[in-house]
Peer 1: 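Would you mind keeping the following structure in view while I ask a few things?
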Amino acid sequence: MKKSIKQLLSSYLQSGINSDTPFYEVQKIYFFNLIFLFAIPFAFIVLVINFFSHLYILSLINTLQLIIFWFAFWITKKSKHLNLLPLILIILVLIGVLSAWFFKNGSEYRLLLWIIAGIVLFDNKWKYALFTFFISAAFVAIRLNELNLLEVSYLELTEKTIKILFPLIIFSICLFYLKKIYFEYQFKLEKAISEISAAKKYRDHLLNIVIHDLRSPLSSILGISNIIKNEIVQDTEQGELIQFIKDAATQSLDLINDLLLTNEGPLDQSTFKKTDLNAFIEHCLPALQIKASEKNIQIKKGLNPMPVMVFIVPNKIERVVNNLITNAIKFSYINSTIQVQVYTQEKQAFLVIKDNGIGIAKENQEKIFDTFTMVKRKGTAGEKSYGLGLSICKQIMEQHQGTVNVESNENEGSRFFVQLPLV
Ligand code: ADP
């Protein structure tokens, strides 16, 4: 019940505001909706009281006010002809001033509310100054009108005028500066948000170009260089050159695929599969062992005696395993060994990849997981590094409610820990 009143109130305050209403208009509509919420019932109650007190002219004025309120409410709700609002405000002020002057019914105090409405409505500072000056002057005149002017001295008159005018002016100036600070800040924020969303659109556009216009020709180069190397060219020197083209194309294609991965959103739940991590690693290792053999590196595995069931998107976790073992190969010396271990501990599955390579300095161990990390290094055989692989591993592990961490000593080697919840 409480919640529904809150929801009702907030949807009432939002009426007339939609997603493309500019920020300035949103503030105005919101504020006026708030005023109507109190002013309409108040004006109605005053109308009833005046009517039963036989003050018919006053009740006529109240009816007029109510009609104006309804009209203004309709304007804001429809979000149409909002430029009529200043005129409506001026009419309300005039009605307030005249009824206070002629009927001495205290309605001049309502003028304070119209000063606040004025700060919301008038964006031009001179218009606002003129408006508040008129209200303040009218306020002073109404208060002095209640005195018997023949009996008060000039000094007393001046004192009373200053006493009323001074707080009103301070009040108006403070409101003006409050609006200035608040609106300027909000305006900057809006501008920044729209710049960010434009930059995001531009980035997506660029990535689409990369996907369509760069990936396909590279794949063709790769396929053709494979055919030329295997079927046409027998000459070793030419074969080496073609191998060079093939390596360059593979490297560029890997980078493009990595770039695309960094831009991926959350994983589709239907792609998760219950998998035995032992069997999964067995399936990944042969291709990686071929790669490792180029540096005469041995990959040794130590699997868990029992199946290790985890819930994973297989091609994503294969990407993590490939990235980590490729790094281990890249940063290990010739003729060394890499150990791959799977085990379980307290409802968690662990995959550890250990090498005896160049290691990572303590101060860089957190930074290596940043996208395009600045602490990237070349491999022990001069292999290229883009500094993307580990950030992708981190992203994939987060998508699996898992983690990837490192323990390392410089010049001794590194151990990467992949942790996944057990099914
Ligand atoms: P890339 O795959 O392009 O090399 P990564 O994000 O995988 O980028 O790695 C970032 C950096 O982390 C590497 O350039 C390297 O400095 C460091 N690093 C990663 N794995 C290892 C490792 N096994 N041994 C030593 N340094 C490593």
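In each ligand, atom 1 is the first atom listed, and ligand 1 is the first ligand listed. For reference, positions follow the sequence shown, starting with 1.
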Peer 1: Can you name the residues that form a ring pair (Phe, Tyr, Trp, His ring centres under 6.0 Å) with W70, not counting sequence neighbours?
Peer 2: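 Ring pair (Phe, Tyr, Trp, His ring centres under 6.0 Å) check on W70 returns F73.
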Peer 1: Determine whether the aromatic ring centres of residues F311 and H400 are separated by less than 6.0 angstrom.
Peer 2: no
Peer 1: Could you pull out every donor-acceptor pair under 3.5 Å between side chains of residues 408-423 and any protein atom, sequence neighbours left out?
Peer 2:
unit_1: S408; atom_1: OG; unit_2: I360; atom_2: N; d: 2.8
unit_1: S408; atom_1: OG; unit_2: G413; atom_2: O; d: 3.0
unit_1: S408; atom_1: OG; unit_2: S414; atom_2: OG; d: 3.0
unit_1: N409; atom_1: OD1; unit_2: K362; atom_2: NZ; d: 3.1
unit_1: N409; atom_1: ND2; unit_2: E412; atom_2: OE1; d: 3.3
unit_1: R415; atom_1: NH2; unit_2: E407; atom_2: OE1; d: 3.0
unit_1: Q419; atom_1: OE1; unit_2: T403; atom_2: OG1; d: 2.8
unit_1: Q419; atom_1: NE2; unit_2: Q348; atom_2: OE1; d: 2.5

Peer 1: Check side-chain hydrogen bond (donor to acceptor under 3.5 Å, both in side chains) between Y182 and all other residues, then give those that pass, not counting sequence neighbours.
Peer 2: Q27
Peer 1: Quick one: do T380 and K295 satisfy side-chain hydrogen bond (donor to acceptor under 3.5 Å, both in side chains)? Show the steps, please.
Peer 2: CA-CA 10 Å; T380 52; K295 284 170 99 171; 2.6 Å; yes
Peer 1: Check this for me: does any side-chain nitrogen of one of K179 and D123 sit under 4.0 Å from a carboxylate oxygen of the other?
Peer 2: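 Salt bridge: yes.
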Peer 1: Does ligand 1 have any N/O pairs with the protein under 3.5 Å, and how far apart?
Peer 2:
unit_1: ligand 1; atom_1: 3 (O); unit_2: S385; atom_2: OG; d: 3.4
unit_1: ligand 1; atom_1: 3 (O); unit_2: Y386; atom_2: N; d: 2.6
unit_1: ligand 1; atom_1: 3 (O); unit_2: G387; atom_2: N; d: 2.7
unit_1: ligand 1; atom_1: 4 (O); unit_2: K330; atom_2: NZ; d: 3.0
unit_1: ligand 1; atom_1: 4 (O); unit_2: S385; atom_2: OG; d: 2.6
unit_1: ligand 1; atom_1: 6 (O); unit_2: G389; atom_2: N; d: 3.2
unit_1: ligand 1; atom_1: 6 (O); unit_2: L390; atom_2: N; d: 2.8
unit_1: ligand 1; atom_1: 7 (O); unit_2: N327; atom_2: OD1; d: 3.4
unit_1: ligand 1; atom_1: 7 (O); unit_2: N327; atom_2: ND2; d: 2.7
unit_1: ligand 1; atom_1: 7 (O); unit_2: L390; atom_2: N; d: 3.3
unit_1: ligand 1; atom_1: 8 (O); unit_2: G387; atom_2: N; d: 3.3
unit_1: ligand 1; atom_1: 8 (O); unit_2: L388; atom_2: N; d: 3.4
unit_1: ligand 1; atom_1: 14 (O); unit_2: R377; atom_2: N; d: 2.9
unit_1: ligand 1; atom_1: 14 (O); unit_2: S385; atom_2: OG; d: 2.9
unit_1: ligand 1; atom_1: 16 (O); unit_2: V375; atom_2: O; d: 3.2
unit_1: ligand 1; atom_1: 16 (O); unit_2: R377; atom_2: N; d: 3.4
unit_1: ligand 1; atom_1: 20 (N); unit_2: N327; atom_2: ND2; d: 3.4
unit_1: ligand 1; atom_1: 23 (N); unit_2: D355; atom_2: OD2; d: 2.9
unit_1: ligand 1; atom_1: 24 (N); unit_2: S414; atom_2: OG; d: 3.4

